[in-house]
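The block underneath contains the structure these notes are about, expressed in C-alpha cells.
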Amino acid sequence: MREWEKNIRKVEPYVPGEQPKDKDIIKLNTNENPYPPAPHVKEVLESIRTEDFRKYPDPAADMLISAISENYGVDKNMIFTGVGSDDVLSMIFLTFFNSDRPVLFPDITYSFYSVWADVYRIKYETPLLDENFNIRAEDYYKPNGGVVIANPNAPTGIYRNLDFIKDILEHNRDVIVVVDEAYIDFAGQSAVSLLKDYDNLIVVQTFSKSKSLAGMRIGMAFANSELIKALNDVKYSVNSYTMNMPSILLGTAAAESMDYYNITTEKIIETRKRSAGRLKALGFECLESGSNFIFARHGRVKGTDIYDFLRKNKVFVRHFNAPRIDDFLRISIGTDAEMDRLFELLEGYLANL
Ligand SMILES: *Cc1c(COP(=O)(O)O)cnc(C)c1O
C-alpha cells in the first residue's frame with residue numbers, strides 16, 4: 001500500500017435519494033415540496049443581475065438573517081445560516097461535539113448524523129426507538145457528549161410535543177441539545193419557543209421542505225448568541241462565503257412569503273390525511289405523520305416488492321435497507337394527482353397478488 005493510501009480519511013458516505021433525469025417520473029422519494037416556491041421568489045429571481053456575480057456574496061448573509069429574524073420572531077444574533085441544514089448540522093457537529101463522551105441520537109433517525117460523527121471522529125451511541133418507533137426520553141438521561149433529536153423524526157415522521165423536548169433538555173442541562181426541525185411546519189409547535197429557557201438548545205430548520213427551495217440550499221440554526229458566535233467562528237475558519245448570492249436573495253424572498261407557504265403547507269397536510277386513509281384501506285400500517293411524508297408498511301407484502309413494482313411504473317418512493325424498517329416505504333406527499341396515480345397503481349398491484 002502506498003503511503004498516501006494509508007492516510008486517506010475513509011468514510012462511508014451518506015446516500016441521498018435518487019434524482020432521476022426522466023421528467024415523467026413521479027418523485028415521492030426525497031420529501032421535496034410538490035408546489036412551487038412563493039411568487040415573490042420568482043420576481044426576485046427575475047431581478048437578479050448576472051453582472052453582480054463578479055463580486056463575492058455577503059459572508060454574513062445579513063439580508064437573509066434579517067428577513068428570518070423578522071418573520072420568525074428571533075433576534076438576529078441568535079440565527080446562523082448555511083448551505084442547507086445539512087451544512088448547518090455539519091458545522092454544529094464540528095463545533096460542539098468534542099467530548100470524550102458519546103453523542104446520542106436514535107438508531108432510526110436521519111442517517112446523516114452517524115456519517116458526520118464518523119467523518120469528524122466523534123464518538124456516538126444510538127439508543128433504540130421503542131417498539132412503536134418512539135424515542136424513549138429515559139435513554140437520554142445518561143452522561144453524554146451531546147444529543148441530537150429530529151422532531152418530527154425521520155424517516156418515521158413521528159412528532160413529539162414540547163413536553164417531551166423539555167424532558168430531554170431538563171436531563172441535559174450541561175451539553176448541547178440539537179433539535180432538527182426539518183419538518184416542523186407540517187407538525188406542531190417549534191422548540192424555538194424554548195430558547196429563552198435553555199441556553200444549550202440549538203433548533204435547526206430548513207427552506208428545503210415547507211419552503212419549496214431544496215434546490216437553493218438554505219438552512220438555519222436558532223440558538224443563544226454565544227452558540228451562534230461559536231458556530232460562526234468555525235464557519236469562518238472553513239469557508240467564509242458558504243451561501244451564494246442568489247440563495248441569499250431568494251431565501252430572503254421566501255422568508256417574506258409566509259402567507260403563501262401557510263397555504264401550501266395546509267394543502268400538503270390535507271393530502272397527507274387523505275393519503276393515510278387510502279393507504280390504510282389498502283392494508284398498510286402508517287405511522288402517525290407530522291411531516292410531508294408517510295412511513296408505511298403493508299401487512300402482507302414485502303417493502304422491496306412494492307418498491308420495485310412502483311419503480312417499474314415510474315413512481316419513486318424511498319426504501320431503507322436497514323434492520324427493523326426494511327418493510328417500510330417512505331412516501332413523500334405529492335400533489336393530489338400524483339398521490340391518486342400512486343393509489344391507482346397500488347390498488348391494481350395488490351388486487352392481482
Ligand atoms: C431534509 C432533511 C435535512 C436536510 O435538509 P437540507 O436540504 O440540507 O436543508 C436535515 N434533516 C432532516 C431530518 C431532513 O429530513
Side-chain angles (χ1 to χ4, degrees), residues 13-19 27-34 37 61 64 68 72 79-94 103 105-117 119 126 129 133 135 147-160 165 177-188 190-191 202-222 231 235 239 242-244 247-248 250-251 254-255 261 265 268 272 287 289-295 317-320 322 325 328 330-333:
Y14 172 76
V15 184
E18 235 177 308
Q19 294 292 348
K27 260 192 104 273
L28 306 177
N29 68 332
T30 50
N31 299 341
E32 288 142 341
N33 199 306
L64 175 63
I68 294 172
Y72 288 72
I79 304 170
F80 175 83
T81 57
V83 184
S85 51
D86 286 342
D87 177 41
V88 173
L89 286 160
S90 154
M91 282 293 125
I92 289 170
F93 274 62
L94 185 58
V103 171
F105 45 83
D107 65 330
I108 297 168
T109 190
Y110 188 40
S111 49
F112 225 140
Y113 302 151
S114 59
V115 175
W116 289 312
V119 75
T126 56
L129 297 184
F133 299 97
I135 299 168
V147 173
V148 185
I149 301 287
N151 193 40
N153 196 12
T156 64
I158 295 172
Y159 169 75
R160 304 294 297 273
I165 299 295
V177 175
V178 179
V179 181
D180 179 355
E181 293 190 335
Y183 301 102
I184 194 66
D185 296 336
F186 305 104
S190 163
I202 307 180
V203 181
V204 178
Q205 293 190 10
T206 176
F207 280 24
S208 296
K209 315 290 175 32
S210 61
K211 305 292 181 287
S212 305
L213 286 177
M216 293 314 295
R217 313 303 304 126
I218 302 165
M220 66 269 205
F222 302 102
L231 267 173
K235 168 200 144 151
N239 178 1
T242 50
M243 296 200 76
N244 67 56
S247 291
I248 294 171
L250 301 180
Y261 288 118
T265 299
I268 290 166
R272 180 183 77 204
L287 301 189
S289 172
S291 64
N292 67 339
F293 60 83
I294 293 175
F295 204 47
V317 297
R318 191 93 197 256
H319 174 259
F320 298 93
I325 55 167
F328 279 89
R330 193 195 66 188
I331 305 167
S332 307
I333 303 300

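In listed order, ligands and their atoms are each counted from 1.
- Looking at ligand 1, you won't find any N or O of Y113 less than 3.5 Å from one of its N or O atoms.
- For ligand 1, the atoms sitting less than 4.0 Å from at least one non-hydrogen atom of R217 are 6 (P), 7 (O), 8 (O), numbered in the order shown with element in parentheses.
- For ligand 1, the atoms sitting less than 4.0 Å from at least one non-hydrogen atom of K209 are 1 (C), 2 (C), 3 (C), 5 (O), 14 (C), 15 (O), numbered in the order shown with element in parentheses.
- Here the side chain of D107 pairs a donor or acceptor atom with the backbone of L129 at under 3.5 angstrom.
- Taking the six-membered ring for Trp and thresholds of 30 and 60 degrees, W116 and F112 have nearly parallel ring planes, at less than 30 degrees apart.
- Heavy-atom proximity to atom 3 (C) of ligand 1, evaluated over G157, P155, S85, A214, is greatest for S85.
- Taking a cutoff of 4.0 Å between a charged side-chain nitrogen and a carboxylate oxygen, K211 and D185 qualify as a salt bridge.
- Considering backbone and side-chain atoms alike, Y110 places every N or O at 3.5 Å or more from each N or O of ligand 1.
- No hydrogens or angles considered: a donor-acceptor pair under 3.5 Å links the side chains of N244 and S247.
- Within the 4.0 Å heavy-atom cutoff, G219 does not count among the residues contacting ligand 1.
- Put simply, no part of N31 is less than 4.0 Å from ligand 1, judged by heavy atoms.
- Looking at R272, its side chain does come within 3.5 Å of a backbone N or O of S291 through a donor-acceptor pair.
- Contact annotation: for D180 versus ligand 1, heavy atoms closer than 4.0 Å belong to the side chain alone.
- Residue-ligand proximity: Y183 is placed with a non-hydrogen atom under 4.0 Å from ligand 1.
- With ligand atoms numbered from 1 in the order given, ligand 1 contributes 8 (O), 9 (O) to contacts under 4.0 Å with heavy atoms of G84.
- Not one N or O on the side chain of N292 forms a donor-acceptor pair closer than 3.5 Å with the backbone of F186.
- Between Y72 and F207, the ring-plane angle classifies as parallel under the 30° and 60° cut-offs.
- A donor atom on one side chain and an acceptor atom on the other are not found under 3.5 Å apart for Y14 and D86.
- Each of the atoms 6 (P), 7 (O), 9 (O) of ligand 1 lies under 4.0 Å from some heavy atom of S208.
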